[in-house]
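Read the structure below first, then the notes.
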Amino acid sequence: MIKKEMIAMLLAGGQGSRLGVLTSKVAKPAVAFGGKYRIIDFPLSNCINSGVDTVGVLTQYQPLRLNTHIGIGIPWDLDRNIGGVTVLPPYEKSSNSEWYTGTANAIYQNLEYMESFNPEYVLILSGDHIYKMDYEVMLDFHKARGAEVTIAVMPVPIEEASRFGIMIADENKRITEFEEKPEHPRSNLASMGIYIFNWKTLKEALIAKADQPALDFGKHVIPYCHAKGAPLYAYEFTGYWKDVGTLSSYWEANMELIDIVPEFNLYEEYWKIYTKSEIQPPQYIADDSVVERSIIGEGTDVYGKVYNSVIGCGVTIGKGTVVRDSIIMNQTQIGDGCEVYKAIIAENVQIGNNVKLGVGEEEENDTAPHIYNHGIVTIGEKSVIPDGISVGKNSVIFGVTSAADYKDSYLAGGKTLIKAGEE
Amino acid sequence: MRAIGIILAGGNNHRMKELSQKRAVCAMPIAGSYRSIDFTLSNMSNSHIQKVAVLTQYNAKSLNEHLNSSKWWDFGRKQGGLYVFTPVVTADNSNWYRGTADAMYQNLSFLKNSHEPYVVIASGDGVYKLDFNKVLEYHIDKKADITVVCKDMEPGANVERFGTLSMNEENRIEELEEKPLKAKTNTISCGIYVVRRRQLIEMIERCAEEDRYDFVRDILIRYKDVKRIYGYKITDYWRNIASIEDYYGTNMDFLKPEVRNYFFKQYPDIYSKVDDLPPAKYNVGVNVKNSLISSGCIVNGTVENSVIFKKSYIGNNCVIKNSIILNDVYIGDNTYIENCIVESRDTIRANSTFVGENGVKIVVERNERYVM
């Protein structure tokens, strides 16, 4: 009989709506990060580096990019005879077919998948954080404490603690109480959304709470286990861990990679981050170009000037173009004589010649100021921007635009130009 | 595809000097991210040849590491696969491969047990793109016994190190000379052949009976008036890397936009082993001009007209000019390198100077590496 000590369930179905147009067509875990990676590469690489070789990836929102990226798991060595990676979308049942309505509900609908590996422990992960973590060490902690549930936590500044689920633990790290986004936090240990469950405990809890609408780990399953008196422990993690849920935090996390010695080091030999590399040639830096404080992916051609930026694979940056403080994802083409300042440009974007992004004073975004802020210009994937256009700060462009879409070749700061449905 | 592939990857080559001490020529790194055998392997894979044997005997460690999985080139299917054949001692043979024909003779079972009617034979040191289906079509069309892929070199080019040939108006090869002292034509053989499998088996067996071992000398040249041997001319980029000058020149060719466009941007792609390296990183004070930089590199100094292979570190205030830095080289601060090829995994101490005068200098520096 197949027996896996620990299997992982990776929740990758969320939209991540605070990433705005970046997630209009792709699930958040499939969004590019750090030049050549996608966000889901980090938990998947952590799994294989921690010796977890069976991973169920739960998908729901816009899964195409995610599915093609994961494939049969070759880049992460997760193409296995037994186990490996399995993509688990919601499916029709003879009665009550439903979408995944909550994090724990998604896991509940895949009890059969987990059962087939006869695991001892189940690791629950989410596909939207940037970090390196050895889940085996966490499992050792879980076993040593005799826990039924272990929740990975990390200390956060107390003034920010009210944004998180907060754990209150005794000196042995046993959790005594927890609060979801408390107004007056009594501890600074924030849940990272990473759990190890004893399989029996998890199964019992999921079946007991099956009828709960929008069944959620933080809101329902953990309180249920706690109320039953199951030993819950907090595993404190102090390494680099970054939520990239908002455009500004996404931008910041990318920019941290270009520091001389970044806090999050991609160059570590023994904890490699794996990804599907479609483009293999080296990058070319031309005669008149300047590149400083930047990371650049494979097959990119730089003819212009690049400062403080994260550039993906297969990108072209034209002659005389200046790119500063920006993130440019795979296969985007930027023409000659452009100025790009503090922009996030998604994949396969075509930008003409003499285009200026991020000009003028900062204006509040007119449609979603809570998403588009910090002066960042955001361009959605496969967008086209014609020659000679100037675009202000905090503005958004998504879709194939032509000169007629701009008044006097100008899109003012804070404006939103979305031409949906046109390819 | 109706053919199987054989890649002749055997040779050492003294004209590669120190660079071939560590590896067979076909494992030489090319264009920042590739090794020379990647081109032939990718061409075969892209031509839907599913079963490929690599025949090798000289210092195959580097090559074996590179070929550790066949999936990078999309082989490794239930039908076919990628095989590496080194000489083995058997009940009736204890010889090394004594030549290219002998190498095939010693692996005759590979040929005999296949069912595909044709064989594509190619050397592993060519840098080119070629659809073997087109060569095969031509071969069938001409009712040829053997088709030799050939190329006209520029007038005045030094062709004496190749096989040179001349053809009649129907492209049948009339004269064929191996490494002539004085070449009569500037059409050279690219070392790529298409031949019917049974024909090949027959010729190789006869060759072995007569104690002859070389495919070019003992089969092509000997049979040229007996068998129908045709030439298939290619006009696109083709270079092989048989000498240091060629190796240096081939790498430098990739600084030209048309060469990069041909190999990197035009379909089909050339594949290589995936190394999972992070993006290249450029720190403050970097000055890079007209250069290729590969993944995993960290650049601090000045780099001009150079090709930097994967995972190299270039220290502060370094100047690298007209040079090739192979994989995983560490270059300490204030180093000056001009007109050199720096061997892979070298560690170069800070404040060093290496300049190639009267030609390219090969730098092999095995210092202790403390950093990283």
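Atom set for the values below is all heavy atoms of this structure, side chains included, hydrogens, waters and symmetry mates excluded.
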[atom1] of [X] to [atom2] of [Y]: how many Å apart, nearest 0.5 Å?
{"X": "A:Ser277", "Y": "B:Trp72", "atom1": "OG", "atom2": "CH2", "answer": "9.0 Å"}
{"X": "A:Gln280", "Y": "B:Asp275", "atom1": "CD", "atom2": "CG", "answer": "9.0 Å"}
{"X": "B:Asp276", "Y": "A:Asp77", "atom1": "CG", "atom2": "CG", "answer": "9.0 Å"}
{"X": "A:Glu278", "Y": "B:Asp269", "atom1": "CD", "atom2": "CG", "answer": "10.0 Å"}
{"X": "B:Tyr282", "Y": "A:Glu292", "atom1": "OH", "atom2": "CD", "answer": "12.5 Å"}

Original post:
Of all of A:Leu266, A:Ile273, A:Thr275, A:Val306, which one pairs up most often with chain B through heavy atoms under 4.5 Å apart?
Top reply: A:Leu266

**OP:** Report the residues that fulfil side chain to side chain donor-acceptor pair (under 3.5 Å) with B:Asn64, sequence neighbours left out, ordered by chain and then residue number.
**Re:** none

Given a strict heavy-atom distance threshold of 4.5 Å, which part of [X] is in contact with chain A: side chain, backbone, both, or neither?
{"X": "B:Leu255", "value": "both"}
{"X": "B:Asn287", "value": "neither"}
{"X": "B:Asn300", "value": "neither"}
{"X": "B:Lys310", "value": "neither"}
{"X": "B:Ala31", "value": "backbone"}

Subject >> chain B-proximal positions within residues 248-256 of chain A [heavy-atom distance under 4.5 Å] >> reply: none

Under the 3.5 angstrom rule, does the side chain of [X] hit a backbone N or O of [Y] as a donor-acceptor pair?
{"X": "B:Lys281", "Y": "A:Ile260", "answer": "yes"}
{"X": "B:Lys71", "Y": "A:Ile74", "answer": "no"}
{"X": "A:Gln283", "Y": "B:Leu292", "answer": "no"}

Subject >> B:Glu258 atom CD, over 12 foreign heavy atoms within 6.0 Å >> reply: yes

Subject >> More than 12 heavy atoms from other groups under 6.0 Å of CZ on A:Arg80 >> reply: yes

Contacting region of [X] [heavy-atom separation from chain B under 4.5 Å]:
{"X": "A:Ser289", "result": "both"}
{"X": "A:Asp41", "result": "neither"}
{"X": "A:Ile258", "result": "backbone"}
{"X": "A:Glu269", "result": "side chain"}
{"X": "A:Ile311", "result": "neither"}

Original post:
What option among B:Ser295, B:Ser294, B:Ser272, B:Gly285 has the most heavy-atom pairs under 4.5 Å with chain A?
Top reply: B:Ser272

Subject >> chain A contacts, top residue of B:Gly296, B:Ser33, B:Pro257 (heavy-atom pairs, under 4.5 Å) >> reply: B:Ser33

Original post:
Residues two or more places apart in sequence or in another chain: which of them pass side-chain contact (heavy atoms from CB on, under 4.5 Å) with B:Thr40?
Top reply: B:Ile7, B:Met44, B:Ala122, B:Tyr128

Original post:
Please, which pairs that meet side-chain hydrogen bond (donor to acceptor under 3.5 Å, both in side chains) have at least one residue in residues 301-312 of chain A, sequence neighbours excluded?
Top reply: A:Arg293-A:Asn308, A:Asp301-B:Lys265, A:Tyr303-B:Arg260, A:Asn308-A:Asp325

**OP:** Check A:Ile285 against B:Ile293 and note the closest heavy-atom contact, atom names and distance.
**Re:** CG1-CG1, 4.2 Å

Subject >> Heavy-atom pair with the smallest gap, counting every atom of A:Tyr267 and B:Pro279 >> reply: OH-O, 2.6 Å

Original post:
Pick from B:Phe264, B:Phe254, B:Phe309: which one makes a side chain to side chain contact (heavy atoms under 4.5 Å, CB included) with A:Pro282?
Top reply: B:Phe264

Subject >> From CA spacing to verdict: side chain to side chain contact (heavy atoms under 4.5 Å, CB included), B:Asn290, A:Asp287 >> reply: CA-CA 5 Å; B:Asn290 188 37; A:Asp287 252 336; 3.4 Å; yes

